[in-house]
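Please read the structure below before turning to the comments.
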Amino acid sequence: MPSFWLVIVLIALALAGFVLGRKRALATAGGDMKQLHSLPAYYGHHVAFSALVPALAVLAIWSLVQPSLIENRVSDMVPASFVEEGHTIDLILTDVRRLADGLDAAVAQGALSEAQAADLDAGTTDIRALLGDLGVALGADVQPEILAAAQSYRGLSDTASTAKAAVVILLALLGFGFAYQRTHKDFRARNVVERGVMALLIVAASLAILTTVGIVFSMLFESLNFFGLHSWRDFFFGGTWAPNFRGDSDLSILPLLWGTLYISLIALLVAVPIGLFAAIYLSEYASAPVRSFAKPLLEILAGIPTIVYGLFALLTVGPMLVTIFGKGDDGVLGVEWMSGATSVLTAGLVMGIMLIPFVSSLSDDIINAVPQAMRDGSLGLGATRSETVRQVVLPAALPGIVGAVLLAASRAIGETMIVVMGAGAIAKFSANPLESMTTITTRIVSQLTGDTDFASPETLVAFALGLTLFVLTLGLNVLALYIVRTYREQYD
Amino acid sequence: MSDISQTPSQIATAGKAPSKHAGSLLAQSPHTKKRNAAERRFRAYGMAAIGVGLLMLLILVTTIVGRGTGAFQQTYVTLNVELVEKKLDKSGTRDLAAIKKVTTFGYAPLIRDAVAAKVAELGIETDLKPKALAGILSKDAAATLRAFVLENPDQIGETVEFRFLTSSRVDGYMKGRVSRDSIANDKNISPEQLDIVDAMVGAGTLETVFNLDFITGADASDARPEAAGMGVSMLGSLFMMLVVLALALPIGVAASIYLEEFAPKNWLTDIIEVNISNLAAVPSIVFGILGLAVFINYMHLPMSAPLVGGLVLTLMTLPTIIISTRAALKAVPPSIRDAALGVGASRMQAVFHHVLPLAAPGILTGTIIGLAQALGETAPLLLIGMVGFIASNAPETLADGLLSPNSAMPAQIYEWAKRADPAFYERAWGGIIILLIFLVTMNTIAVILRRRFERRW
Amino acid sequence: MNQITALDKTVQTNKTKISARNVNVHYGDSHAIKDVNVEIEDNTVTAFIGPSGCGKSTFLRCLNRMNDTIDICRVTGDIQIDGENIYDPRVDPVQLRAKVGMVFQKPNPFPKSIYDNVAYGPRIHGLAANKAELDEIVEKSLRRGAIWEEVKDRLDAPGTGLSGGQQQRLCIARAVATEPEVLLMDEPCSALDPIATAQIEELIDELRNSYSVVIVTHSMQQAARVSQKTAFFHLGNLVEFGATGQIFTNPEDPRTESYITGRIG
């Protein structure tokens, strides 16, 4: 872990900088703290930050950029004939990288000397067997071109890492020296340090934007790759989802979207009435003790991890539904409508339970935002509480409740574990809730786990699915937040 | 007011018209009765909704407890095994390298003999061959024996008492999960073997006791559900949480301080704010895709590493921490800032010396809740490869813990739920109990912190 | 108008509409109303005055049992309307409130159309057999609320879009639409500008012909202008009750005098 040691060195430099900077400042003031412009610690911070922050920033950026630069160089070395039909260079590069890592490991474990590793000849040495002994598994025998590329990869990485360490330490020393030199009793250390801290705060706040950009770009690029390999018409307008790892798959989102929306609809049919009535009861009827007892209990449902709900769907609700609908004469209803535990209804019901507290606490907030004067007005006219709720409070709270339902819908659409475990894997258009169906999130998981080949449309489609999911949920959230915000402003 | 003057007569007559509320207040009119009935119905719907919600919670909790507590108990059989020297150490030199050459297959006969001896000692009549008798033991037994011998080579030649795991079927039979009817088509166990089990129970050789290995142990392969434990995946979760805490807390607090205390009201700040509230609602699986694309495919960090899991969960938890930290900062009254500024502190000093310490309990509460959320999250972990293998080795160093493949608690539960043998389901439920104990503890700490330090200004 | 006009008002005696005996109200541990006895007459405007927190609004809310909606509030004593105790367990507060209408401090039209605001009471109480009758009730009520001319062309517009004074008159029309016998008004003008206040005061004077009106106000001038009877509350006690002219010119209790002359309040 050279970067790790680099960071340790930087931290040590910074600590030294703090001590020395503080000392020097006090020395220039003849040991009298009152002569200083700022408190002594600020001079220390100034030197420490100057040594640490730019160097760390360069280290981080360098580490981010280095792999892609090196891969660009190396990929030029791989002959075009190596790239198979329908695949990208990425696969070859993975081999190159694995080989290079294997050689590094061999050197580290002492199986090869540095010189031996550099002079390996694919023709004479069985590198695969050699590395296999060391626990590095290679997919295929090593071809000379790949070995050459791997050697060059190692060389470049080595050079780059050395250069990185040199540049970073040099920068730290420069920062240290410059700041130390500037340290003087009249130097406005506090202002400089505070400006620096402010810059760090801004960087931290911008990370949110960076994350969003990262999400969008990581999915956008791979989605574009996907649409380069697969027709976008089939993706958006085709009718079949049938991935086939020998190629020539039908990859249409529509059946998945249907499954997603169907399950979400059932979940909302469960969660919205129960959640809404629970919220109404808690905010309009319940006495303080009942409220303080029931509300936190309901909210526990929201804090339970989704894996628990998934397990509940798979092992409890699914089998229960099968005994009701699917056991033929042995079952409760004596019908045979359901063949397996996974179904739209299984996932929908459990997701509905998960969403009850979500809907109820959002609605509770919204109902409480309706001014008491409205209720008084209605009660003062001789309306009963239920008349007040139905005819005054709910109409007044309607926009907010619509927003809450949209947020719940977005939750349902993006939910993964419950549908992975409870919905099934069959993509189809069917209106029968007892059949097993699949969803966008389920397919993302199944396309991206196990053996993945990031050059095949069957894997890349997951990114297009993810991007669609992101856009869908983002749209719902923005709309919902907008509605809720406008609603709140109405009563503020 | 012209309309009033136009219709004085109307007002006068209206005033004298017989009131529609002519009846006594003491008697309910039929219309009121109907309305009150509607009121009662409406109220009943509300109570029913609360009831359904609480009932679901009750069902969920009883299911988890009912099906999961079994995992904390395990059936063991106590046997005396003679560590035959000529089988384990032919040379008799106690040379570890030589002893290591004997694989678990070499130990199987010892166990077979030990079972047969025990059956004979207890005087149980049976037609079963020693191999079938040994079938009531876990496939793990030989490995246990081998590990013991490698630890204590000097014991070779002695007869040592061992407590072996029984097979998951026997364990299930003891716990009532497996019955004689249900094993009709099960080739892993036969009714005759169960007769032996019954006899051994009677003799006190075979008993079901508390199973610490489930809490501290590692996962086991498909064939040995009785040996699977949560310990290693707990460590995986622990390392992920360390990463989340080390990154999300400082970054989240820094971002909140900027947004709450210093950010000018402009479009950039608006974008950041909207961004944060939207990130909080992005499906967790999308963060998994981000992690896969950026940390694994682009930066080539190792698959299945808790470091990557921690980074992904950090990004996911940040909005939660930022939102609660901002609420905590907002709750500190402006008068505190004014007081600090008034004695000549800079704005930065006012924030770091006064506002931040006062907001610390709130920030801590929010962080704990964010961590609890991250601890239970599964979906993104699936994409960065934290399921699908057997997390069998506990990491030894910090770097190892961060970078070598591991699982995490929820991922381990998912892994067990996917396996074919129903004995793993009990493990999955048991795992959930452990996970929920962690979550409940964290949330309780958060609530206590909030109560303890809640301040009213 | 000024205080002098109050003197000129003829004080006539009408039959008693509401009579309160030994009314006590507790909010949790605090004793908000102490042993209040008062007789409120029909076709009269009765004003409750007193410094803020004296219990005048609390007492007003006892008269249609609006205090029932507050959990910690406990009312004891005897309040009779037309000789029937309204705290009798057989009394349904819903029916009571139809008979005793209320107008609140802040105009609180529902977020519905003007028409639906006024039609709300008649609809829930089943006062109209058909649409035509309902139309008639709405028009009549809006006329009595002295707002018909202003809104007759936009009955479908939302009630929240009106100006503050119009909203309050709409609320009065809404209260009148259920054909109550008593109208309670809790500082109905405190959120309004002087012109709107004058319009409402004029309206209150008209309403006296049909209802017994009880108005809580913190403005002594307003009490003097609109009421025939005045009750002065102080620290939960009903200090003095009598004809408005007499209270303002010749109070019997020194506390009343101090309040009127501005020494307490």
Can you see which heavy atom on [X] is nearest to which on [Y], and at what distance?
{"X": "Ala383(A)", "Y": "Arg35(B)", "answer": "CA-NH2, 3.6 Å"}
{"X": "Pro410(B)", "Y": "Ile307(A)", "answer": "O-CD1, 3.7 Å"}
{"X": "Asn477(A)", "Y": "Ala281(B)", "answer": "ND2-CB, 3.1 Å"}
{"X": "Ala205(A)", "Y": "Ala255(B)", "answer": "CA-CB, 3.6 Å"}
{"X": "Phe42(B)", "Y": "Tyr285(A)", "answer": "CD2-OH, 3.5 Å"}
{"X": "Ala294(A)", "Y": "Ile50(B)", "answer": "CB-CG2, 4.1 Å"}

With a 4.5 angstrom heavy-atom cut-off, could you sort out which part of [X] is near chain B: side chain, backbone, both or neither?
{"X": "Tyr309(A)", "answer": "side chain"}
{"X": "Thr473(A)", "answer": "side chain"}
{"X": "Ile353(A)", "answer": "side chain"}
{"X": "Leu298(A)", "answer": "both"}
{"X": "Ile209(A)", "answer": "both"}
{"X": "Met198(A)", "answer": "both"}
{"X": "Val389(A)", "answer": "side chain"}
{"X": "Val203(A)", "answer": "neither"}
{"X": "Leu481(A)", "answer": "side chain"}
{"X": "Tyr42(A)", "answer": "side chain"}

Side chain to side chain, [X] and [Y], heavy atoms closer than 4.5 Å:
{"X": "Thr211(A)", "Y": "Leu290(B)", "answer": "yes"}
{"X": "Phe312(A)", "Y": "Ile59(B)", "answer": "yes"}
{"X": "Val52(B)", "Y": "Phe277(A)", "answer": "no"}

Could you measure the distance from the [atom1] atom of [X] to the [atom2] atom of [Y]? Nearest 0.5 Å is fine.
{"X": "Tyr298(B)", "Y": "Phe221(A)", "atom1": "OH", "atom2": "CZ", "result": "10.5 Å"}
{"X": "Ser206(A)", "Y": "Leu268(B)", "atom1": "OG", "atom2": "CG", "result": "6.5 Å"}
{"X": "Leu314(A)", "Y": "Lys418(B)", "atom1": "CG", "atom2": "NZ", "result": "12.0 Å"}
{"X": "Ile202(A)", "Y": "Ile257(B)", "atom1": "CD1", "atom2": "CD1", "result": "13.0 Å"}
{"X": "Glu194(A)", "Y": "Phe352(B)", "atom1": "CD", "atom2": "CZ", "result": "9.0 Å"}
{"X": "Thr441(A)", "Y": "Ile285(B)", "atom1": "OG1", "atom2": "CD1", "result": "6.0 Å"}

Report yes or no: does Arg190(A) contribute a side-chain atom to a donor-acceptor pair with the main-chain N or O of Ser346(B) at less than 3.5 Å?
-> no
Between [options], who has the most heavy-atom pairs with chain B when the cutoff is under 4.5 Å?
{"options": "Ile413(A), Thr384(A), Leu469(A)", "result": "Thr384(A)"}
{"options": "Ile356(A), Leu297(A), Leu276(A)", "result": "Leu297(A)"}
{"options": "Leu407(A), Asn191(A), Val197(A), Val216(A)", "result": "Val197(A)"}
{"options": "Ser386(A), Pro305(A), Gly414(A)", "result": "Ser386(A)"}
{"options": "Leu311(A), Val308(A), Val193(A)", "result": "Leu311(A)"}
{"options": "Met421(A), Glu387(A), Met219(A)", "result": "Glu387(A)"}

Heavy-atom distances under 4.5 Å only: say whether [X] touches chain A with side chain, backbone, both or neither.
{"X": "Ile251(B)", "result": "both"}
{"X": "Leu439(B)", "result": "side chain"}
{"X": "Leu57(B)", "result": "both"}
{"X": "Thr378(B)", "result": "both"}
{"X": "Gln349(B)", "result": "both"}
{"X": "Asn443(B)", "result": "neither"}
{"X": "Ile64(B)", "result": "side chain"}
{"X": "Ile384(B)", "result": "neither"}
{"X": "Phe287(B)", "result": "side chain"}

For atom CZ of Phe438(B), decide whether the heavy atoms of other residues, nucleotides or ligands shown that lie under 6.0 angstrom number more than 12.
-> no
Going through the checks in order, is the side-chain contact (heavy atoms from CB on, under 4.5 Å) test met by Thr316(A) and Arg67(B)?
-> CA-CA 10 Å; Thr316(A) 308; Arg67(B) 298 179 72 165; 3.4 Å; yes
side-chain contact (heavy atoms from CB on, under 4.5 Å) assessment of Ile215(A) paired with Leu315(B) = CA-CA 11 Å; Ile215(A) 288 176; Leu315(B) 295 181; over 6 Å; no
Please report the C-alpha distance between Leu301(A) and Leu60(B) in whole Å, then the side-chain angles of each, then the deciding distance to 0.1 Å, and finally whether the side-chain contact (heavy atoms from CB on, under 4.5 Å) criterion is met.
-> CA-CA 9 Å; Leu301(A) 281 177; Leu60(B) 207 54; 4.2 Å; yes
If you tally heavy-atom pairs under 4.5 Å between each of Arg40(B), Met47(B), Met56(B), Arg41(B) and chain A, the highest tally belongs to Met47(B)
side-chain contact (heavy atoms from CB on, under 4.5 Å) between Thr212(A) and Asn278(B): does it pass, once the steps are laid out?
-> CA-CA 9 Å; Thr212(A) 311; Asn278(B) 280 324; over 6 Å; no
Partner of Ile444(A) under side chain to side chain contact (heavy atoms under 4.5 Å, CB included), chosen from Leu382(B), Ile289(B), Val286(B) =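 Checked Leu382(B), Ile289(B), Val286(B) against Ile444(A); only one passes side chain to side chain contact (heavy atoms under 4.5 Å, CB included): Ile289(B).
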